[in-house]
Amino acid sequence: DVVAHGDDGLADGRPLGVPADAATRQARIDAHAAFDRVWSGGAKGARQRAYSWLAAKMGRDVVHIGEMTVAECVEVVAHCEALMAEGGEQ
């Protein structure tokens with residue numbers, strides 16, 4: 001099942017992103033889990049700052065994990081794990 005979120009981060013029931021096979025779905029789940037550890041528990045605006053940080057790390061203007069390939073998701077996990085190992089400041 002696809003769980004979607006709107007701009008406010010709340011589930012609204014509408015799928016977002018690009019349909020994916022099982023491997024891509026799992027990679028996106030893993031990427032979201034790693035990314036959520038980066039911003040969760042932060043102050044107001046932490047999520048948006050984390051998305052801006054991730055976009056910069058990936059050389060993009062905008063990132064959406066629901067549109068990523070397996071390789072891009074692996075890159076997300078690597079960036080997030082490196083950041084957390086450094087102390088978690090993006």
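Since the structure is predicted, the reported quantities are computational estimates derived from the model, not experimental observations. Quick note: numbers below take in every heavy atom, side chains included, and nothing from hydrogens, waters or symmetry partners.
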### Query
Would you say Arg25's side chain and Ala20's backbone share a donor-acceptor pair under 3.5 angstrom?
yes

### Task
For the pair Lys57 and Leu83, evaluate side-chain contact (heavy atoms from CB on, under 4.5 Å) and give the outcome as yes or no after the intermediate values.
CA-CA 11 Å; Lys57 291 299 274 186; Leu83 177 69; over 6 Å; no

### Query
What closest approach, in Å, do Cys80 and Phe35 show between heavy atoms, and which atom pair accounts for it?
SG-CA, 3.6 Å

### Query
Can you tell me how far NE2 of His64 sits from OH of Tyr51, rounded to the nearest 0.5 angstrom?
7.0 Å

### Query
Does the side chain of His32 reach to within under 4.5 Å of the side chain of Val76, using non-hydrogen atoms?
no

### Message
As a quick check of understanding, evaluate side-chain contact (heavy atoms from CB on, under 4.5 Å) for Thr24 and Asp21, giving each step before the final call.
### Response
CA-CA 5 Å; Thr24 305; Asp21 62 16; 2.8 Å; yes

### Message
Return the CZ to CD distance between Arg28 and Glu67, rounded to the nearest 0.5 Å.
### Response
8.0 Å

### Task
Mind listing the closest non-hydrogen atom pair of Val38 and Met84 along with its distance?
CA-SD, 4.0 Å

### Task
For Glu72 and Thr69, indicate whether the former's side chain and the latter's backbone hold a donor-acceptor pair under 3.5 Å.
yes

#### Entry: Partner residues of Arg37 under the salt bridge (Lys or Arg N to Asp or Glu O under 4.0 Å) criterion, sequence neighbours left out
none

### Query
Roughly how far, to the nearest 0.5 Å, is the SG atom of Cys73 from the CD1 atom of Ile65?
6.5 Å

### Message
Give me the atom names and distance for the closest heavy-atom approach of Trp53 to His79.
### Response
CH2-O, 3.6 Å

